[in-house]
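Heads up, the thing below is written out as structure tokens.
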Amino acid sequence: KFTFLTTYGDPFYIGLNGLELYDWKGDKLPTTADNTEAIPRSINALPDVKNDPRTLDKLFDGVNDTYNDMHMWMCPYIPGQANTLYIWYDEPVALGMVKFWNYAKTPSRGVEEFEISVDDNLIFKGFLRQTPGAMVNKASTPAVDMAQAILFTNDENMFQREKKHVFSFNEEDQHVQFINKRQEKIHTTSSRARAPLTAKRPKTSHHR
């Protein structure tokens, strides 16, 4: 289970470009819309949105280093409430690595803090790197290497292959919160204002 806790500031939407799972040998595990589920499943969960292409299957279509949102997954987001993604297999697997590509079209909608759980046991909690913004807001903008790897193996070959994709916050990236009478007032990276799923939210369009 992947639990996506915060965005990089957007209070209405959250998304990813891509996600891949690998076993302990470095082989990619089969991950499709057939063995995954998300809550909410996609932006089409909103009552006023229909046929938006940013659906769950785009998370696994293999086109990840892109600014073309025809290959992205996006969901409604409510600050303070987590979005969840489930991936299951019929037989036990040994997880060696999870590889993420954060949402690129609007970087503030990318996942910031998240958790990974296996069989209801928390195995990782951390942060994704924010994707660099496009120079122009067009699907044809040249993409950069956006991958980020979370390693659960001591395999040297996998480490050497993916070490450039391993990211961690340094001292300059630490979060600061201001508390007044036990009420959080300011969060440096993510808005905490609550809004129901059906609340008025800005429209979001996709590239055609």
Side-chain angles (χ1 to χ4, degrees), residues 1-5 7-8 13-46 49-77 82-107 109-119 123-124 126-131 134 139 141 143-153 158 161-162 164-167 204 206-208:
K1 181 174 76 172
F2 297 85
T3 305
F4 304 122
L5 301 171
T7 70
Y8 269 95
Y13 302 101
I14 190 169
L16 290 168
N17 275 22
L19 176 67
E20 294 177 352
L21 275 65
Y22 294 78
D23 67 14
W24 65 277
K25 296 180 293 184
D27 296 328
K28 188 164 69 171
L29 294 166
T31 310
T32 68
D34 294 330
N35 66 331
T36 60
E37 187 55 84
I39 303 174
R41 187 173 176 86
S42 75
I43 191 175
N44 292 296
L46 292 171
V49 177
K50 293 182 179 179
N51 301 318
D52 192 291
R54 289 169 287 186
T55 49
L56 183 59
D57 59 299
K58 303 307 189 326
L59 194 58
F60 313 109
D61 68 358
V63 183
N64 301 320
D65 290 318
T66 180
Y67 290 107
N68 184 345
D69 62 359
M70 294 292 290
H71 300 282
M72 300 179 191
W73 172 60
M74 193 170 77
C75 291
Y77 168 69
N83 289 57
T84 52
L85 169 69
Y86 299 92
I87 301 176
W88 61 88
Y89 295 96
D90 293 333
E91 298 179 355
V93 297
L95 187 63
M97 177 177 66
V98 180
K99 206 167 182 179
F100 292 92
W101 288 261
N102 217 345
Y103 193 79
K105 180 189 174 185
T106 309
R109 294 175 178 174
V111 173
E112 183 195 35
E113 188 174 10
F114 71 102
E115 298 175 344
I116 303 175
S117 299
V118 175
D119 296 333
I123 63 170
F124 182 87
F127 300 87
L128 285 185
R129 176 173 43 197
Q130 188 176 28
T131 300
T141 301
V144 297
D145 186 351
M146 304 176 186
Q148 180 176 334
I150 310 297
L151 297 172
F152 299 100
T153 178
M158 194 184 303
R161 187 182 75 194
E162 298 295 339
K164 67 179 181 179
H165 297 135
V166 175
F167 166 75
T204 176
H206 63 88
H207 298 302
R208 295 181 184 275

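Index from 1, following the sequence. Heavy-atom basis, side chains included; hydrogens, waters and symmetry copies ignored.
One distance of note links CG of Leu56 with SG of Cys75; it measures 7.5 Å at 0.5 Å rounding. In this structure, CH2 in Trp73 is found 7.5 Å from CD1 in Ile14, a value given to the nearest 0.5 Å. Note that the CZ atom of Phe2 and the CG atom of Leu59 stand 9.0 Å from one another [nearest 0.5 Å]. For the atom pair CG (Leu151) and NE2 (His165), the distance works out to 11.0 Å, reported to the nearest 0.5 Å. Atom CH2 of Trp101 is separated from atom CD of Gln148 by 11.0 Å, given to the nearest 0.5 angstrom.
Judged purely by distance below 3.5 Å, without hydrogens or angles, the side chains of Tyr103 and Arg54 pair a donor atom with an acceptor atom. Looking only at atom types and distance, the side chain of Tyr86 has no donor-acceptor partner in the side chain of Ser117 under 3.5 Å away.
With sequence neighbours left out, the side chain to side chain contact (heavy atoms under 4.5 Å, CB included) criterion links Ala82 to Thr3, Leu5. Residues meeting the ring pair (Phe, Tyr, Trp, His ring centres under 6.0 Å) test with Phe124, sequence neighbours left out: Phe114. When the salt bridge (charged side-chain N to carboxylate O under 4.0 Å, His left out) test is applied to Lys1, no partner is found at least two apart in sequence or on another chain.
The salt bridge (charged side-chain N to carboxylate O under 4.0 Å, His left out) pairs that include a residue from residues 85-103 are Lys99-Glu162, where partners are two or more places apart or lie in different chains. Under the side chain to side chain donor-acceptor pair (under 3.5 Å) criterion, the residue pairs touching residues 35-44 are Glu37-Arg41, Ser42-Asn44, with sequence neighbours excluded.
In this structure, the side chain of Asp65 engages the main chain of Met146 through a donor-acceptor pair within 3.5 Å. The closest donor-acceptor contact from the side chain of Asp145 to the backbone of Ala147 lies under 3.5 Å.
Considering all non-hydrogen atoms of both residues, Phe100 and Ile150 come closest at CE1-CG1, 3.8 Å. In terms of heavy atoms, Asn102 sits closest to Gly110 at OD1-CA, 3.2 Å. Closest approach of Val111 and Tyr8 over heavy atoms only: O-CE1, 3.4 Å. Nearest heavy-atom pair across Met97 and Arg161 is CE-NH2, 3.8 Å. Pairing each heavy atom of Pro76 with each of Ile43, the nearest pair is CD-CA, 3.8 Å.
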(request) Output, in order, the C-alpha distance, side-chain angles, deciding distance and verdict of side-chain contact (heavy atoms from CB on, under 4.5 Å) for Asp52 and Leu46. (result) CA-CA 10 Å; Asp52 192 291; Leu46 292 171; over 6 Å; no

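Contact check for Phe4 versus Leu128: no side-chain heavy atoms found under the 4.5 Å cut-off.
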Residues 15-22 side chain polar contacts: donor-acceptor under 3.5 Å, at least two apart:
| from | atom 1 | to | atom 2 | distance (Å) |
| --- | --- | --- | --- | --- |
| Asn17 | OD1 | Ala104 | N | 3.1 |
| Asn17 | ND2 | Asn64 | O | 2.9 |
| Asn17 | ND2 | Thr66 | O | 2.9 |
| Glu20 | OE1 | Tyr22 | OH | 2.4 |

